[in-house]
Amino acid sequence: MAPWPDTPIELTIERLGQLGEGVGSYEGRTVFVPGAFPGERVRVRLEQEGKVVRGHLLGDVLAASPDRRPSPCGLSARCGGCDWLELAEPAQRAAKQEIVLSALEHLGRLKRDSFAVRPLLVAPRDFGYRRRAVLHFLKDELAYFGRRSHDRVAVSECAALVPVLAGLPGKLGPLLKPVSRDAEELHLLAEGGKAAFAVLLKGQATPRHVEACEMAVRTLRLEGAVLVPKEGSPRIIGKPVLRSVSPLRPEVPLYLRPDAFSQAHAEANVGLVTSAVYELAPRETDSVLELYSGNGNFTFPLAASAASVLGVESSPASVELAQRGAREGGVANVRFVQGDARKVCEGLIREGKRFGLALADPPRTGAPGLARWLKALGVRRVVYVACDPGSLARDAAGLVEAGYKPLALQVVDMFPQTHHVESVMSFELSA
């Protein structure tokens with residue numbers, strides 16, 4: 001292979017890749033160009049990064065896409081949080097639908113005409129929607145990671161966050177300076193007008209850490225905080241558990257905590273849950289297995305129609321929140337098991353347990369082995385909720401290989417201004 005030219009070259013961007021980058025080609029090789037959009041002519045410097053060829057933009061775009069717009073954020077050139085701020089929302093949505101379909105087609109070998117494709121669900125708010133965020137310490141400031149790097153970009157205010165969180169980074173950073181050297185990262189969480197935070201530590205919590213967090217909670221009138229040591233139990237300060245309501249079941253509380261996972265866009269989450277319940281279609285005689293059940297986000301809506309739901313979740317904090325919601329909401333037909341999904345499923349298989357339906361909402365890495373577990377447990381219909389198109393494609397291919405037929409795909413625009421996307425896909429065991 002010839003070496004890359006020392007001088008800049010010009011490229012035409014053909015499409016957007018799975019990680020949100022513009023994609024072009026040079027001498028038969030695919031080139032990924034961060035910050036470029038389809039139809040644009042750009043000038044780049046080529047660089048090999050492992051197996052990937054990346055083009056780094058030089059100067060202004062030579063010929064801009066009609067979908068390009070000025071960024072409303074002064075940090076967007078450096079911050080890695082919102083990588084599509086310069087792309088108009090209709091183009092973002094079309095790209096997300098295509099990225100998921102393309103991943104299923106090329107990585108999963110599923111033809112896009114072999115299942116129903118629902119119209120994309122649009123998020124109710126394009127800005128000021130994030131109720132949770134992960135930040136990092138930079139001396140006495142809080143920061144996001146930079147684009148495609150772990151360089152830290154200090155932020156005092158963020159328009160992507162819900163109003164109660166938007167100005168919190170600039171206020172919280174100085175108050176938590178005594179914690180900064182010993183912390184891995186900081187999590188913000190809001191629900192309604194209430195806010196809390198969690199500090200994930202590199203080691204153990206000390207009195208100095210506790211004192212700083214208590215001061216921050218008092219000074220900023222926050223609900224509470226959680227100090228999470230590298231090993232051992234979290235230290236609770238104040239009342240960091242925030243009460244929400246279960247999607248589709250407002251009579252059931254859904255509890256959130258800043259050190260436990262929750263969906264970032266509360267309004268779009270309602271659409272996500274609605275879609276998953278619709279695709280799974282539980283009946284009053286069905287037993288449902290839910291893997292990666294978290295705090296009960298899908299569990300309680302599923303339980304409204306099913307005979308029973310067994311939720312499996314590895315996070316002790318999330319299981320505790322889910323059990324509290326079930327107890328206080330009077331949901332008697334759910335049970336939660338704390339443990340690794342693979343180990344729990346293998347145990348259920350050994351016990352001869354059977355489930356008619358299953359829902360899986362795995363982390364970004366997906367759920368390797370899922371098809372084998374579900375087939376052995378007698379599951380006839382599966383709904384897979386994915387935050388990564390590549391993992392969805394891989395696990396979908398596994399389900400098809402195991403005899404499950406793809407039924408429908410629903411893409412949800414959960415993260416406006418970014419390439420990130422949620423998908424709901426349903427499968428049924430072939431007769």
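Index from 1, following the sequence.
Side-chain atoms of Val400 and Pro406, non-hydrogen and from C-beta on, do get closer than 4.5 Å to each other.
Under a 3.5 Å cut-off, the side chain of Arg112 and the backbone N or O of Val117 do not form any donor-acceptor pair. A distance-only check finds no donor-acceptor pair linking the side chain of Gln263 to the backbone of His265 [under 3.5 Å]. A distance-only check finds no donor-acceptor pair linking the side chain of Gln410 to the backbone of Gly271 [under 3.5 Å]. The backbone N or O of Gly20 lies less than 3.5 Å from a partner atom in the side chain of Trp84, making a donor-acceptor pair. Glu284 places no side-chain N or O within 3.5 Å of a backbone atom of Ala306 that could act as its donor or acceptor partner. With hydrogens and angles disregarded, a donor-acceptor distance shorter than 3.5 Å links the side chain of Thr418 to the backbone of Phe415.
Across Glu86, Arg130, Gln92, a single residue satisfies side-chain hydrogen bond (donor to acceptor under 3.5 Å, both in side chains) together with Gln417, and that is Gln92. The residue from Val424, Asp361, Leu121, Val277 that alone fulfils the side chain to side chain contact (heavy atoms under 4.5 Å, CB included) condition with Leu272 is Val424.
Residues Ser293 and Glu313 bring no donor and acceptor atom of their side chains to less than 3.5 Å of each other. With 3.5 Å as the limit, one finds a donor-acceptor pair spanning the side chains of Tyr255 and Glu328. Checked by atom type, the side-chain pair Glu185/His187 shows a donor-acceptor distance below 3.5 Å.
Salt-bridge annotation for Arg324 and Glu320: absent, with no side-chain N of the basic residue lying under 4.0 Å from a carboxylate O of the acidic one. Salt bridge annotation for Arg147-Asp83: absent, with no cationic side-chain nitrogen under 4.0 angstrom from a carboxylate oxygen. Using a 4.0 Å cut-off between a side-chain N of Lys or Arg and a carboxylate O of Asp or Glu, Glu98 and Lys96 do not qualify as a salt bridge. The pair Glu21-Arg15 fails the salt-bridge criterion, with no side-chain N (NZ, NE, NH1 or NH2) lying under 4.0 Å from an Asp/Glu carboxylate O.
Taking the six-membered ring for Trp and the full ring otherwise, the centers of Tyr144 and His136 sit at least 6.0 Å from each other.
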**Message:** For a side chain to side chain contact (heavy atoms under 4.5 Å, CB included) check, start with the C-alpha distance between Phe32 and Val53, then their side-chain angles and the critical distance, and finish with the verdict.
**Reply:** CA-CA 6 Å; Phe32 296 91; Val53 182; over 6 Å; no
**Message:** Using the rule given for side-chain hydrogen bond (donor to acceptor under 3.5 Å, both in side chains), can you reason through Asp395 versus Tyr384, listing the C-alpha separation, both sets of side-chain angles and the distance that settles it, and then say yes or no?
**Reply:** CA-CA 9 Å; Asp395 291 341; Tyr384 186 107; 2.5 Å; yes
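Around CZ of Arg125, the count of heavy atoms belonging to other residues, nucleotides or ligands within 6.0 Å exceeds 12.
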